[in-house]
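Data first, discussion second: the structure below is written as structure tokens.
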2 protein chains.
Amino acid sequence: MDDLTEMLKGTLEGCVLEIISGEETYGYAITRRLNELGFTDVVEGTVYTILLRLEKNGLVQVTKKPSGMGPPRKFYALNDAGREERERFWVKWQYLSSRIDKLKGGGR
Amino acid sequence: MDDLTEMLKGTLEGCVLEIISGEETYGYAITRRLNELGFTDVVEGTVYTILLRLEKNGLVQVTKKPSGMGPPRKFYALNDAGREERERFWVKWQYLSSRIDKLKGGGR
DNA sequence: CGCACTACTCCGTGATACTGTGTAGTGGTA
DNA sequence: TACCACTACACAGTATCACGGAGTAGTGCG
């Protein structure tokens with residue numbers, strides 16, 4: 001798939017929120033998960049900027065744990081604000097995708 | 001619907017391509033059409049920057065016509081490159097939306 | 001000891017939608 | 001005439017976001 005970066009703006013953060021909501025996890029693993037899910041070109045640098053942003057915006061709770069497989073990991077879990085933001089994201093996604101699909105189908 | 005601007009990045013241009021592909025039209029009318037379609041916050045300034053970009057990238061053919069209802073209008077129509085770009089846009093949209101929906105549904 | 005893999009940080013870049021302001025043409029109305 | 005509303009386009013500046021690249025560290029394997 002050729003370049004999706006522009007299309008991912010605003011949605012990738014929501015995807016990360018969704019992944020975190022499933023289980024407490026960390027940056028490196030989130031990147032691998034996104035790659036598995038078809039977001040093949042998403043790299044670590046991108047995910048870490050999103051995670052720092054989530055932390056700065058108070059949407060996640062962060063816990064540092066030793067790894068055994070390398071440096072310590074920063075585990076992320078959604079707090080209440082994070083769960084609300086995740087809800088808002090899905091509402092927006094639903095809204096947008098329905099409008100786009102309507103436009104595709106003739107826009108009537 | 002609260003702010004969709006980030007989510008629109010990369011998709012709004014495709015929407016404009018789709019609208020133009022339906023009929024030769026002009027900036028002001030495209031803005032109204034987008035508003036009707038549910039992209040309520042999209043304003044003229046945004047549409048004109050997209051149209052200028054499409055023209056600069058050689059995806060449209062432009063024809064100036066007098067209006068009778070105000071200043072002359074610049075009508076836009078897709079050329080071959082524009083039709084190809086439109087195709088690529090829908091392929092990308094299909095790819096992205098299917099991945100996101102899969103993630104939403106549990107990501108398996 | 002070097003290399004691969006894991007794991008995080010940070011600075012800069014490019015693309016995009018948006019904001020605000022300005023210009024201009026037409027028509028209605030007081 | 002003077003004013004306003006609606007139509008129609010242009011452009012400079014801003015914010016946000018994903019990404020690239022480089023660097024730092026920890027573990028284990030040959």
Side-chain angles (χ1 to χ4, degrees), chain A residues 1-17 24-35 39-57 59-60 62-76 85 89 92 96 100, chain B residues 1-17 25-35 39-57 59-60 62-76 85 89 92 96 99-100:
Chain A
M1 175 60 47
D2 49 83
D3 199 23
L4 283 180
T5 66
E6 287 307 323
M7 238 181 228
L8 284 175
K9 295 204 175 162
T11 66
L12 196 53
E13 180 178 307
C15 294
V16 171
L17 284 171
E24 193 187 46
T25 181
Y26 55 99
Y28 191 80
I30 293 169
T31 310
R32 296 289 153 265
R33 185 94 189 87
L34 285 168
N35 296 150
F39 305 96
T40 51
D41 295 340
V42 174
V43 294
E44 294 166 49
T46 301
V47 174
Y48 288 116
T49 54
I50 291 173
L51 290 172
L52 292 175
R53 192 163 67 231
L54 294 179
E55 189 176 357
K56 188 183 120 201
N57 294 343
L59 303 176
V60 289
V62 187
T63 317
K64 206 162 189 172
K65 298 180 185 175
S67 158
M69 283 293 289
R73 297 166 176 163
K74 281 176 71 175
F75 280 82
Y76 293 82
E85 183 61 30
F89 166 71
K92 281 164 68 172
L96 178 66
I100 304 263
Chain B
M1 173 61 47
D2 48 85
D3 198 23
L4 282 179
T5 67
E6 288 306 324
M7 238 183 226
L8 284 175
K9 293 199 175 168
T11 65
L12 195 54
E13 180 178 308
C15 294
V16 171
L17 284 170
T25 182
Y26 56 98
Y28 191 80
I30 292 169
T31 309
R32 295 291 153 265
R33 185 93 190 88
L34 285 167
N35 296 152
F39 306 96
T40 51
D41 295 340
V42 174
V43 294
E44 295 164 50
T46 301
V47 174
Y48 288 115
T49 54
I50 292 174
L51 290 171
L52 291 174
R53 192 163 68 231
L54 294 179
E55 188 176 358
K56 188 183 119 201
N57 294 343
L59 303 176
V60 289
V62 186
T63 318
K64 206 161 189 173
K65 298 181 185 176
S67 157
M69 283 293 288
R73 297 165 177 165
K74 282 177 71 176
F75 281 83
Y76 294 81
E85 183 61 30
F89 166 71
K92 281 164 67 171
L96 178 66
R99 307 295 143 147
I100 305 263

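Lettering of chains follows the sequences in order, A, B, ..., and the numbering in each one begins at 1.
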What verdict does the side chain to side chain contact (heavy atoms under 4.5 Å, CB included) test give for Thr31(A) and Thr46(A), after you've listed the backbone C-alpha separation in whole Å, the side-chain angles of each residue and the deciding distance to 0.1 Å? CA-CA 9 Å; Thr31(A) 310; Thr46(A) 301; over 6 Å; no

Gap between atom [atom2] of [Y] and atom [atom1] of [X] - 0.5 Å precision:
{"X": "Leu54(B)", "Y": "Glu13(B)", "atom1": "CG", "atom2": "CD", "value": "5.0 Å"}
{"X": "Lys92(A)", "Y": "Thr11(A)", "atom1": "NZ", "atom2": "OG1", "value": "10.5 Å"}
{"X": "Ile50(A)", "Y": "Leu12(A)", "atom1": "CD1", "atom2": "CG", "value": "4.0 Å"}
{"X": "Tyr76(A)", "Y": "Thr25(A)", "atom1": "OH", "atom2": "OG1", "value": "10.5 Å"}

Sugar-phosphate, base or nothing in reach of [X], heavy atoms under 4.0 Å:
{"X": "Ile50(A)", "answer": "sugar-phosphate"}
{"X": "Thr46(A)", "answer": "base"}
{"X": "Glu13(B)", "answer": "sugar-phosphate"}

Partners passing side chain to side chain donor-acceptor pair (under 3.5 Å) against Lys9(A) (at least two apart in sequence or in another chain): Glu6(A)

If I compare all heavy atoms of Leu51(B) with all of Gly27(B), which pair ends up nearest, and what's the gap? CD1-CA, 3.5 Å

Residues that Lys74(B) engages under salt bridge (Lys or Arg N to Asp or Glu O under 4.0 Å), provided they are two or more places apart: Glu55(B)

Anything under 4.0 Å to a heavy atom of chain B counts; send over the first and last such nucleotide of DNA chain D, read 5' to 3'. dT7(D) to dC17(D)

Show your reasoning for whether side chain to side chain contact (heavy atoms under 4.5 Å, CB included) applies to Val42(A) and Leu8(A). CA-CA 10 Å; Val42(A) 174; Leu8(A) 284 175; 4.2 Å; yes

Outermost contacting nts on DNA chain C, any atom under 4.0 Å from chain A heavy atoms, listed 5' then 3', are dT6(C) to dT16(C)

Using heavy atoms to find the nearest nucleotide of DNA chain D for Arg32(B) and Gly45(A) separately, return the residue whose nucleotide is more 5′. Arg32(B)

Of Thr49(A) and Phe75(A), the one whose nearest nucleotide on DNA chain C sits closer to the 5' end is Phe75(A)

Side chain to side chain contact (heavy atoms under 4.5 Å, CB included) between Asp3(B) and Asp41(B), intermediate numbers included: CA-CA 8 Å; Asp3(B) 198 23; Asp41(B) 295 340; 5.7 Å; no

Positions of residues 62-74 of chain B (non-hydrogen atom under 4.0 Å from DNA chain D), listed by number: Ser67(B), Met69(B), Pro71(B), Pro72(B), Arg73(B), Lys74(B)

Check side-chain contact (heavy atoms from CB on, under 4.5 Å) between Arg99(B) and all other residues, then give those that pass, not counting sequence neighbours. Phe39(A), Tyr95(B)

